[in-house]
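Structure, as structure tokens:
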Amino acid sequence: MNKNAGNIAGAEFLESLPVPACMVNKEGAVVYANSLIKNVFAYDDIVDGNFFALTGSKLEDLEEARDTGTEVKIKRNEQIFVLNTTREEREDGIITVFFNNVTERETLRSNYRDEHVCQMYISLDNYDELISNSPSDSKMTVPAEVDKILSKWAESNNAAIESISEDTYLATLYRRDVDNLIEGRFSILDTIRAIQTKDDFPVSLSIGVGMGVRNLQDATELAEAALDLAMGRGGDQAVVKNGDRTHYYGGKLQSMEKNNKGKSRIIAHALKQLVRESSNVIVMGHRWPDMDCFGSGIGAYKIAKYMEKDVAIVIEEYNEALQAIYKQAVETDDYEIVNREKAIELCEEKTLVIVVDTHRPGMVECPEILEKADKIVVIDHHRLSDDSIDNAILSYVESYASSASELMTEIIQYTSNKKIVNKFEAEALLAGITVDTNRYSIKTGVRTFEASAWLRRVGADTTEVKRFFQSEVTSFQMRAEAVANAEYMDEGVALSISQGYSTDAQIINAQVADELLMVKGVKASFAAGKNDKGKTVISARSLGEVNVQVIMERFNGGGHLNSAGAQTDMEPEEVIAELKKIVPEYLGTDGEESDAYGQE
């Protein structure tokens with residue numbers, strides 16, 4: 001090696017060290033390295049080379065590690081080294097870097113991590129519907145095939161699996177095997193989905209994994225919570241809870257509608273009992289309520305009134321799209337609509353709080369009520385999120401449903417044999433169903449039409465409902481301009497910005513996104529625009545090939561596989577720029593949806 005004459009003393013010091021070390025000048029060049037450096041790089045001639053290029057590290061990372069006690073690790077020559085630097089810097093700017101071999105420690109740590117025991121729950125989605133739709137002579141054919149596939153899959157992944165009920169399995173496996181499943185994006189979901197049934201009823205799994213905790217009991221509890229989350233989000237997916245982090249995989253199928261209305265009857269009975277035991281009732285939805293939120297809120301209000309309880313609906317602010325129906329509700333003087341401050345005053349020890357059209361505490365109209373109330377009921381149709389209201393005593397979250405208004409309509413039918421809703425209330429509920437199905441074009445099942453037909457029978461006028469959706473001329477022009485100026489990506493995605501500010505931004509963007517789906521070749525659309533509060537509102541729509549919910553979760557939003565939204569402080573242009581980057585990443589290089597996307 002060529003030694004710098006000015007660094008003879010330093011060189012002699014380095015040669016005396018039992019670890020690889022080198023001196024680096026302020027330009028990043030190596031001025032000297034001791035003979036042990038060959039243990040790091042498999043060669044010793046690194047003098048004059050760029051240290052940071054050789055190691056892949058940065059000077060600021062080394063300084064931060066020195067000051068905070070963190071570690072900068074590199075892997076070279078099949079070994080792992082921690083880089084340490086001297087605390088005092090020489091006048092000429094030269095620093096000394098030591099390579100501490102931690103291969104044995106990291107190997108032990110890796111083995112310890114790999115052998116952590118994880119728990120996994122696996123549930124066959126819609127088991128009852130699958131059995132009821134199968135001919136009597138082959139009812140157990142599909143479950144038997146699923147059982148065979150799962151047993152073989154578990155064996156190949158070193159998992160101990162057992163059936164704990166007719167449609168649920170519990171598997172125990174090591175962390176390294178879970179890592180392999182994650183790397184393979186839980187391909188078992190695709191395998192099960194490919195099973196053919198006699199009447200084309202889709203077969204799918206919900207998987208919940210618990211890991212990253214100290215004991216088996218905690219892992220089991222995490223796995224149970226993960227399974228509930230997977231099923232609440234519509235099934236056909238795996239949810240991995242790694243300590244306090246949650247990751248989602250799959251979710252390619254639409255949530256299947258349940259034929260049996262038994263749960264609605266049970267919920268109606270339980271809700272009546274809770275209302276009967278309460279001192280008063282407070283109904284609230286999400287901030288800036290839409291038609292579905294308002295309609296389902298009116299339905300909940302009517303149930304409480306039927307039970308002869310004092311009840312109030314919490315609405316602080318609303319947009320222009322709700323103006324017509326809101327004004328009509330106020331003019332009837334039949335409904336007590338209060339602001340947040342008044343709602344907090346009304347909340348007593350025995351108050352029942354009914355939350356509609358959302359299950360996320362951060363999105364409700366008045367979060368303070370959730371903290372104050374002891375009895376909370378949640379009725380929602382959005383895919384379950386990790387940050388759901390966790391202290392509800394009654395939760396009815398069904399992602400298969402078109403809307404909260406559809407669920408509320410069914411509950412009302414089982415509340416009484418009498419007609420308890422008037423013409424306006426039936427129209428409010430019908431309007432809620434209409435807006436969330438985009439006029440019955442998305443997420444509509446048999447039960448959606450049955451609920452709509454019942455509302456029509458009890459007095460809903462479809463012409464009046466249509467009047468609720470009339471918009472101002474300026475809103476119409478803004479929507480037309482946004483559609484005309486949309487951009488189209490090669491992946492079959494349309495992007496648009498609504499210029500200016502509007503109190504009606506949420507509705508305008510939703511309509512723009514709906515319109516763009518009518519363009520041939522478009523399989524997903526995104527529209528962004530600012531409301532009058534300066535917030536950027538995003539609406540996302542899909543024909544089913546793209547799960548827009550997981551994309552909107554990147555903006556702290558949510559929704560359904562083919563209809564989702566979010567609000568953010570980013571500028572609309574920034575949102576569109578971000579979507580241009582993450583949509584190709586989400587779809588993957590081959591244009592297919594990436595299961596691993598949507599991690600939190």
Side-chain angles (χ1 to χ4, degrees), residues 182 185-186 226 229-230 232-234 236-252 286-288 358-363 382-388 399 486-487 489-498 505-506 509-510 512-513 516-517 522-531 534-600:
I182 291 173
R185 299 176 180 178
F186 287 89
L229 195 53
R233 290 166 62 88
D236 184 42
Q237 60 192 280
V239 175
V240 178
K241 279 191 167 290
N242 185 0
D244 58 356
R245 291 171 295 170
T246 305
H247 308 269
Y248 304 101
Y249 303 86
K252 295 182 178 180
H286 52 76
R287 293 187 302 274
W288 295 96
T358 184
H359 60 268
R360 302 176 68 175
M363 294 184 67
H382 295 99
R383 281 188 165 201
L384 200 62
S385 300
D386 193 37
D387 59 339
S388 59
S399 61
E487 296 181 62
M489 299 175 64
D490 293 339
E491 291 83 0
V493 174
L495 306 168
S496 180
I497 295 177
S498 301
Q506 186 175 353
N509 290 329
V512 169
L516 291 175
L517 275 188
V522 172
K523 55 186 179 182
S525 60
F526 300 87
K530 280 198 168 187
N531 61 24
K535 282 270 191 181
T536 295
V537 180
I538 315 168
S539 288
R541 298 291 185 269
S542 163
L543 293 176
E545 294 181 52
V546 179
N547 188 336
V548 292
Q549 180 204 6
V550 295
I551 296 178
M552 286 297 96
E553 284 176 343
R554 290 288 289 267
F555 297 91
N556 295 318
H560 304 278
L561 181 145
N562 55 11
S563 178
Q567 290 191 19
T568 176
D569 291 324
M570 298 170 66
E571 293 294 319
E573 292 78 10
E574 293 175 331
V575 168
I576 297 301
E578 185 70 13
L579 285 169
K580 287 180 179 178
K581 289 191 295 184
I582 65 178
V583 166
E585 172 194 342
Y586 164 73
L587 291 175
T589 55
D590 58 357
E592 293 297 323
E593 179 180 329
S594 170
D595 290 350
Y597 197 87
Q599 299 179 4
E600 287 187 354

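Numbers here are sequence positions counted from 1. As the structure is a prediction and not an experimental result, all values here were calculated from the model.
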Check: Which pair of heavy atoms, one from Thr246 and one from Lys241, lies closest together, and at what distance?
Finding: OG1-NZ, 3.2 Å
Next item on the list: Compare every heavy atom of Ala513 with every heavy atom of Ala527, then report the nearest pair and how far apart it is.
Entry: CB-N, 4.1 Å
Notebook entry, point to check: Under the side-chain hydrogen bond (donor to acceptor under 3.5 Å, both in side chains) test, which residues partner Glu487, sequence neighbours left out?
Noted result: Lys580
Check: Does Leu579 offer a backbone N or O that forms a donor-acceptor pair with the side chain of Arg554 under 3.5 Å?
Finding: no
Check: OH/Tyr248 to CD/Glu553 distance, rounded to the nearest 0.5 angstrom?
Finding: 5.5 Å
Next item on the list: Would you please name every residue forming a side-chain hydrogen bond (donor to acceptor under 3.5 Å, both in side chains) with Ser563, sequence neighbours left out?
Entry: Arg541
Checklist line | Test side-chain hydrogen bond (donor to acceptor under 3.5 Å, both in side chains) applied to Glu571 - qualifying residues, sequence neighbours left out | finding: Lys530
Check: With sequence neighbours excluded, what pairs up with Glu578 under the salt bridge (Lys or Arg N to Asp or Glu O under 4.0 Å) test?
Finding: Lys581
Check: Roughly how far apart are His359 NE2 and Asp387 CG, rounded to 0.5 Å?
Finding: 6.5 Å
Margin query: How long is the straight-line distance from CD1 of Ile551 back to CZ of Phe526, given to the nearest 0.5 Å?
Written below: 4.0 Å
Check: Do Ile582 and Phe555 have side-chain heavy atoms sitting under 4.5 Å apart?
Finding: yes
Notebook entry, point to check: Quick one: are Trp288 and Val537 in side-chain contact, heavy atoms under 4.5 Å?
Noted result: no
Next item on the list: Give a yes or no on whether the backbone of Ala510 and the side-chain of Ser539 come within a donor-acceptor separation of less than 3.5 Å.
Entry: yes
Next item on the list: Go through the structure and list residues passing side chain to side chain contact (heavy atoms under 4.5 Å, CB included) with Ala230, not counting sequence neighbours.
Entry: Ser206, Gln237, Val239
Notebook entry, point to check: If you measure from CD1 on Ile576 to CD1 on Ile497, what distance do you get to the nearest 0.5 Å?
Noted result: 5.0 Å
Check: Measuring from Met489:CE to Leu495:CG, what's the distance to the nearest 0.5 Å?
Finding: 6.0 Å
Check: Who passes side chain to side chain contact (heavy atoms under 4.5 Å, CB included) against Thr568, sequence neighbours left out?
Finding: Thr536, Ile538, Met570, Val575
Next item on the list: Might you point out which heavy atoms bring Gly558 and Met552 nearest each other, and give the distance in Å?
Entry: N-CB, 4.1 Å
Checklist line | Residue pair Val493 / Val546, side-chain heavy-atom distance below 4.5 Å | finding: no
Next item on the list: Return yes if some donor-acceptor pair links the side-chain N/O of Ser399 with the main-chain N/O of Arg383 below 3.5 Å, else return no.
Entry: no
Notebook entry, point to check: Rounded to the nearest 0.5 Å, how far does CD of Glu491 lie from CD of Glu545?
Noted result: 13.0 Å
Notebook entry, point to check: side-chain hydrogen bond (donor to acceptor under 3.5 Å, both in side chains) with Ser542: which residues, sequence neighbours excluded?
Noted result: none
Notebook entry, point to check: Who pairs with His382 by ring-ring contact (aromatic ring centres under 6.0 Å, His included), at least two apart in sequence or on another chain?
Noted result: His560
Next item on the list: Work out which heavy atom in Gln567 is nearest to a heavy atom in Asn531; give both atom names and the distance.
Entry: OE1-ND2, 4.3 Å
Next item on the list: Determine the minimum heavy-atom distance between Leu516 and Ala486, stating which atoms define it.
Entry: CD2-CB, 3.6 Å
Notebook entry, point to check: So which pairs with a foot in residues 560-570 pass salt bridge (charged side-chain N to carboxylate O under 4.0 Å, His left out), sequence neighbours left out?
Noted result: Lys535-Asp569
